[in-house]
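This report refers to the structure that appears directly beneath it.
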Amino acid sequence: MSNVYDPTAIEARWQARWEAERTFAAPNPDGPGFDASRPKYYVLDMFPYPSGSGLHVGHAVGYIGTDIVARKKRMEGCNVLHPMGWDAFGLPAEQYAIQTGVHPSASTATNTANFRRQLKRIGLSYDWSREVNTSEPSYFRWTQWIFKRLHAQGLAYQAEVPVWWCEELKTVLANEEVINGRSERGNYPCVRRPLRQWMLKITAYAERLLADLDGLDWPESIKIQQREWIGKSEGAEVEFAVEGGAEKLVVFTTRPDTLWGATFMVVAPEHKLLARASASQRAAVDAYVASAASKSELERTELAKDKTGVFSGLYAHNPAFDAGDPRGRIPIWVADYVLISYGTGAIMAVPGHDERDCAFARKFGLEVREVVRPPQGERGLSEGVCFTGDGTAVSSGPIDGLATSAAKAKAIELLCARGVGVARTTYKLRDWLFSRQRYWGEPFPLVHLADGSTVAVDDDALPIELPPMDDFKPSSDGSAPLARASAWLRTTHRGASARRDTDTMPGWAGSCWYWLRFMDPHNASEPWSKAAERYWGPVDLYVGGAAHAVMHLLYARFWHKVLFDLGLVHTKEPFQKLFNQGLITAFAYQDKSGRLVASDEVETRGNEFVRTSSGEPLEQIVTKMAKSLKNVVNPDDVIAEYGADTLRLYESFMGPLADSKPWNPRDITGCARFVERAWKLIVDPDGRDPVRPQFRVDQGERALEGDTLELERALHRAIARIDDSFKAFNFNTSIAALMTFVNEAYKRQSALSRSQAERFVLSLAPFAPHLAEELWSRLGYAQSLAHVAWPKVRPEFLEDDTVEIVVQVAGKLRGRVSVAKTASQAEIEAAARPSVASWVEGKELAKVVLVPGRLINFIVK
RNA sequence: GGGGAAGUGGCGGAACCGGCAGACGCAGCGGACUUAAAAUCCGCAGCCCACAAGGCGUGAGGGUUCGAGUCCCUCCUUCCCCA
């Protein structure tokens, strides 16, 4: 047996053993080996989209974090569910197929194999028997099955919604494929055009999605973002009669108290009322509508931008005034700062008390009326300032003199009484556009019948698989590629001929329930068993990037709540605790023109960075790791050079898991040295025994005194710091504590006992598992340490007999004294005085502040 | 435009409830070992000042306090996300 530390051999050996012995397999309640006496712990990573470029060290940092948690929880006696899988449907694979001809299922298989290999090399303790892949029929069968339930609940419907259409490319484009109204590919003009799409009625769950956030152990920042996104606002819906027609213009306002100040109305360019625009304004309105169609919502709502708009020639009547009162006759304009998709697509404009209305009124010379007087000391309309806060109602007839909140209530009351308004709560959240005219996604489990109806297929017809195709391009008429799979398209439903729906679900679909499938991944008769869900749910810890703060987490919560209502899950929320890992950034290099230079073409000369080939000076910048920035670090390379344990330690040692932090290859050596030192603490590299003689079993334990007692204290301090680091996931302090212990142990090598060596190895295990397993086995244990009890901290070893007290005079550090832990204030004062005599001399002592165990402060005048 | 996070040595970071700022590591310097170098081991190390004494120090400015990296106000900068 060689006693030289050889990470390549050690890591391969332990990874093979873990796999062969199914060390991390988590039995379900009905499975063999299940121990009901242990508490459960479900720790989940946001599963990756298996991209062609593979995993980089930035992805790995979160996985290493959850692995550390999973491993410690196992040692603490929990049944740990720690699975991994693939979010494998999506646009990139399809785009790649269009470019290269490689079928998405083929590239997905290649990519997942590569990801799996990379993750295994890092030594992550996943239960690989639970691996799932959202693009496999055995998985998406159940995605379709759940969609059927949503459909049956009336939560899925079809609607005409505006989507980006590129005439040049003859295709529908996703939001992210359109930049400034032009296609990302080819830079062709795009317009928003209504197309029939599947929608999910997430708005029906808005209130619960908002309210249930309160009970979750999530970062406050994420909760804020979700609340913001849901955007609850309370106000009133008000009807305005339109002159010369029977239909009403309905608007929503959060400020019904300002109704008396509504001097005009604005409708969105898509509003159907515009069909009635007056003959004289017809041409202007049509031209305006056409130009608005090419703008994104961002451009349209940009506050800084100049407001644009056109008068429609129509007038409405403000219901605050009696019929015939000239103050109630107000013009209707069309402007693109009003969005058809938000609210009713029309607003009452109160230029005195709304910034955007004010800007619009000033530009087009419309009337501005003050109806809210600001509180004392604040500037209002009379000072030329648009006041949008709360104040007192004025020039508003029946609500004059009321404070804003009372004025709102009274205004709603009046509107209700007259039958022209009603109290109303609205949400910014909109229904979820759930269909794509693309190939690589879940087909809808729906068929269209000859009578024009659309029905769900029977459960036993699931899964609806994708037809094999070679050409995935969207069709020139905007229809999906599946519409060309004519054989696939024609089917029967309960004997009648039927036509399949040709849309596919969006990339988010598969990730809306995967944590449930992990609980029971091979169930062929249901998506998961009740027993499995009741045992494992909810996820105890969910870790992923803050990038998914809103979309994924909101969609996933929505599906979970629907499943809860159907009695399919027993918790209202899927993820009890959420944690966001920070971004790993990296150095990138730019030449004078700002062009990026790949890191491997750069060398360091003193403090300068130059291009190796030309010697041209370069600037070092720090940015996120991305292929396009040529600064991606592949974990395979780090493992090849240092081993997986060093990689894991460095990723953890860089800083708190939540922080964004720069990858610096120079720093890795510190962790590599630590691993080597830890090894040599237990193993004599020049010897022949598996461990140093002092750790042999027959050597017996030594008494806890002298250096051995000091080491005992050092060990307890280290383990206490490690335990503490799991609260905030700042494992950097764990590693520092382990390093400190090793440094202490080197100074007192001969005093280190076998028991201490064992506990050190166990405390190292979550962070550097291969090294720990190897040392554990050398210490004579045949079994893996994965389920061995985590060492306990005993408080009596955390304190010394004496404490060092800092002595301050007037808050400034002037000395320090060592006193017994049990010393009284008088004793400490007496001990401290001599060390600061010269500072206190001749001055009047005003006060003495004592912080027990820490400091004493003499306040002098 | 909206939202979020963060500013501490040359670098990554530490500092629990307001109590020794800079743990641990990198880079640096010195020593031991070595024919020599590397590796390893042991030390030193915030800045100013010739040293000491002392002073100054947590993005900037102000406040609260015996005492502020930490709490409160104003401002600046950087990063991330959404539309």
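What you see is a predicted model, and the numbers here were worked out from it, not measured in a lab. In what follows, every chain begins at residue 1, and chains take the letters A, B, ... in the order their sequences are listed.
For A:Gln225, counting side-chain heavy atoms from C-beta on, the closest listed nucleotide (B:C24, B:G12, B:G4) is B:G4. The A:Glu228 side chain lies nearest to B:G2 when the options are B:G4, B:G2, B:G25. Of the candidate nucleotides B:A83, B:G19, B:G25, B:A83 has the atom lying nearest to any side-chain atom of A:Met551. Among the nucleotides B:G25, B:G10, B:G19, the one closest to the side chain of A:Val851 is B:G19. Checked against B:C24, B:C41, B:C26, the side chain of A:Arg677 finds its nearest nucleotide in B:C41. Here B:U40 is the nucleotide among B:G19, B:G12, B:U40 with the atom lying nearest to any side-chain atom of A:Lys680. Side-chain atoms of A:Tyr746 lie closest to B:C42 of the nucleotides B:C42, B:C66, B:A83. Closest to the side chain of A:Thr733, from the set B:G67, B:A15, B:C26, is B:A15. Of the listed nucleotides (B:G13, B:G3, B:C11), B:C11 has the atom at the smallest distance from the side chain of A:Asn664. For A:Lys661, taking side-chain heavy atoms from C-beta onward, the closest of the listed nucleotides B:U40, B:G12, B:G25 is B:G12.
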**OP:** Can you run through RNA chain B from 5' to 3' and write each base as (, ), [, ], | or . depending on how it pairs? Watson-Crick or G-U wobble, both distances under 3.5 Å.
**Re:** (((((((..(((......[....))).(((((.......))))).(((.....)))..(((((..]....)))))))))))).
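Remark on RNA chain B: of its neighbouring residues A:Ala658 and A:Lys847, the 5'-side contact belongs to A:Ala658, judged by nearest-heavy-atom nucleotide. Toward the 5′ end of RNA chain B lies the nearest nucleotide of A:Thr669, the other residue of the pair A:Thr585 and A:Thr669 mapping further downstream.
Under the ring-ring contact (aromatic ring centres under 6.0 Å, His included) criterion, A:Tyr746 pairs with no residue at all, not counting sequence neighbours. Residues meeting the ring-ring contact (aromatic ring centres under 6.0 Å, His included) test with A:Phe558, sequence neighbours left out: A:Tyr205. Checked against ring-ring contact (aromatic ring centres under 6.0 Å, His included), A:Tyr5 has the following partners two or more places apart in sequence or in another chain: A:Trp679. Residues that satisfy the ring-ring contact (aromatic ring centres under 6.0 Å, His included) test with A:Phe760, not counting sequence neighbours, are A:Phe741.
Between A:Glu710 and A:Arg713, at least one side-chain N (NZ, or NE/NH1/NH2) sits under 4.0 Å from a carboxylate O, which counts as a salt bridge. The existence of a salt bridge linking A:Lys680 and A:Asp686 is excluded, since no basic side-chain nitrogen approaches an acidic carboxylate oxygen closer than 4.0 Å.
Counting non-hydrogen atoms of other residues, nucleotides and ligands closer than 6.0 Å to CZ of A:Arg794 gives a total of 12 or fewer.
Comparing B:G69 with B:G18, their P atoms sit 13 Å apart, to the nearest whole Å. Comparing B:G13 with B:A23, their P atoms sit 15 Å apart, to the nearest whole Å. Rounded to a whole angstrom, the distance from the C1' atom of B:C29 to that of B:G46 is 15 Å.
A straight line from CD1 of A:Ile805 to P of B:G67 spans 20 Å, rounded to a whole angstrom. What separates CZ of A:Arg673 from P of B:C26 is a distance of 5 Å, to the nearest Å. As a whole-Å value, the separation of A:Trp679 CH2 from B:A39 P is 22 Å. Between A:Arg721 atom CZ and B:A23 atom C1' the separation is 6 Å, expressed in whole Å. With rounding to whole Å, A:Ile859 atom CD1 is found 7 Å from B:G67 atom C1'. Taking atom CD of residue A:Gln808 and atom P of nucleotide B:A68, one finds them 9 Å apart after rounding to whole Å. Atom CG in A:Leu855 sits roughly 20 Å away from atom P in B:A15 (whole-Å rounding). As a whole-Å value, the separation of A:Leu681 CG from B:U40 C1' is 15 Å.
Checking A:Gln226 against A:Arg557 by side-chain atom types alone, a donor-acceptor pair falls below 3.5 Å. For the 3.5 Å distance criterion, the side chains of A:Ser725 and A:Thr733 fail to qualify, holding no donor opposite an acceptor.
Here the straight-line distance linking atom NZ of A:Lys72 with atom CG of A:Asp723 works out to 4.0 Å at 0.5 Å rounding.
Residues A:Trp663 and A:Phe587 place their aromatic rings such that the two centres sit no closer than 6.0 Å.
The shortest distance between the side-chain N/O atoms of A:Asn730 and the OP1/OP2 oxygens of B:A14 is not below 4.0 Å.
For RNA chain B, none of the residues of residues 641-651 of chain A falls under the heavy-atom distance limit of 4.0 Å.
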